[in-house]
Amino acid sequence: MVYQLVIFDNDGVLVDSEPLSNTILAAYLTEVGHPTTYEDSLRDFMGGAVHRIHDLVQERSGQRLPDDFDRILHERIFEAFARELQPVPGVTEVLGELSAYGVPYCVASSSSHERIRVGHRSAGLDEWFEEEWIFSADDVARGKPAPDLFLHAADMMGVDPAQCVVIEDSPLGVEAARAAGMDVFGFTSMVPASRLTGATACFGEMKELSALLGLGT
């Protein structure tokens with residue numbers, strides 16, 4: 001199938017931020033009295049919006065996180081991004097091919113607009129994304145695993161959802177893409193294919209994506 005729009009998740013797909021952000025999140029939750037390992041953070045929060053952290057903590061403990069939790073978490077993550085963030089290996093080559101073949105693409109992320117842009121600047125990806133190609137969970141009422149964000153991106157880009165494919169690396173994201181009626185290619189760099197149930201196909205290295213998208217064929 002020739003897709004009319006490629007929708008990228010951001011964290012872990014465009015920028016290699018999941019190890020950094022989940023290490024910081026696990027440590028901060030532990031610091032404020034909710035012991036969390038790195039593996040716990042990946043399992044429970046990867047691919048979700050920040051409100052998911054608050055919801056799960058309150059559901060499990062009956063306690064609310066501090067009022068300044070989001071601010072401090074993002075300060076720590078942004079500091080780490082500035083020092084260490086890199087693009088996912090091979091993703092700039094894929095973006096270059098999409099541009100060369102005239103295939104529209106965008107990003108639809110559970111992260112805030114600010115975090116997406118800070119990450120892109122830190123990793124040197126800002127040149128690849130126009131402002132109107134960036135969509136955040138901030139833009140919709142319900143984040144992943146609801147389909148709202150992907151449907152919003154397709155609508156704003158003027159493409160029928162059935163003509164879109166999503167590139168995702170989290171179970172929540174795959175679920176959201178399927179609920180939106182879109183094909184989804186699961187990137188298995190952080191999560192095994194067995195957890196990306198419902199993905200149209202899975203791939204382990206970004207250099208494999210061009211063939212899945214049919215670029216050059």
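Using modelled atom types, one side-chain atom of T30 and one backbone atom of T36 make a donor-acceptor pair closer than 3.5 Å. Under a 3.5 Å cut-off, the side chain of S109 and the backbone N or O of S136 do not form any donor-acceptor pair. At distances below 3.5 Å, at least one donor-acceptor pair connects side-chain atoms of E208 with backbone N or O atoms of E205. T188 places a side-chain N or O within donor-acceptor distance of the main-chain N or O of F203, the cut-off being under 3.5 Å.
Interatomic distance, CG of L56 versus CD of Q58, reported as 11.0 Å (0.5 Å rounding). Once rounded to the nearest 0.5 Å, the distance linking OG of S210 with CG of L98 reads 7.0 Å. Put simply, CD1 on I24 and CG on L29 are 12.0 Å apart, with the number rounded to the nearest 0.5 Å. Distance check: T23 OG1 to E18 CD gives 10.5 Å after rounding to the nearest 0.5 Å.
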Legend entry - Worked verdict on F78 versus E114 for side-chain contact (heavy atoms from CB on, under 4.5 Å): CA-CA 10 Å; F78 292 169; E114 181 185 19; 3.6 Å; yes
Inset, instruction - For salt bridge (charged side-chain N to carboxylate O under 4.0 Å, His left out), just list the numbers for E75 and R71, CA-CA rounded to whole Å, side-chain angles, deciding distance to a tenth of an Å, and then say yes or no. - result: CA-CA 6 Å; E75 284 177 356; R71 178 182 62 79; 3.0 Å; yes
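For the pair L213/V103, no side-chain contact is recorded, criterion being any heavy-atom separation below 4.5 Å from C-beta on. Using a 4.5 Å heavy-atom cutoff, the side chains of V15 and N10 are in contact. Put simply, the side chain of C164 does not reach to within 4.5 Å of the side chain of D183, judged on heavy atoms. Residues L95 and F8 form a side-chain contact, since some pair of their non-hydrogen atoms from C-beta on lies under 4.5 Å apart. When side chains are defined from C-beta on, P161 counts as touching L151, because their heavy atoms get closer than 4.5 Å. In this structure, L149 and K144 have side chains that are in contact, with non-hydrogen atoms separated by less than 4.5 Å. In this structure, R60 and H34 have side chains that are not in contact, with every pair of non-hydrogen atoms separated by 4.5 Å or more.
Taking both residues in full, the closest heavy atoms of M157 and Y105 are given as CE-O, 3.7 Å, listed atom of the first, atom of the second, then distance. Closest non-hydrogen pair, S111 versus D11, comes out as OG-OD2, 2.6 Å. When every heavy atom of I116 is checked against every heavy atom of F135, the shortest pair comes out as CD1-O, 3.8 Å. P66 and V32 get closest at one heavy-atom pair: CG-CG1, 4.2 Å. For G12 against V88, the heavy-atom pair with the smallest separation is O-CG2, 3.6 Å. Heavy-atom minimum distance, D44 versus R52: O-NE, 2.7 Å.
Side-chain contact check for D138 and S112: no donor-acceptor pair (N or O, by modelled atom type) lies under 3.5 Å. H152 and D148 share no donor-acceptor pair across their side chains, judged by distance under 3.5 Å alone.
Remark: H54 engages F69 in a ring pair (Phe, Tyr, Trp, His ring centres under 6.0 Å) (not counting sequence neighbours).
No chain of hydrophobic side-chain contacts below 4.5 Å, direct or via other Ile, Leu, Val, Met, Phe, Trp or Tyr residues, connects L172 to V57.
Sorted by first and then second residue, the salt bridge (charged side-chain N to carboxylate O under 4.0 Å, His left out) pairs with a member in residues 76-93 read E31-R76; sequence neighbours excluded.
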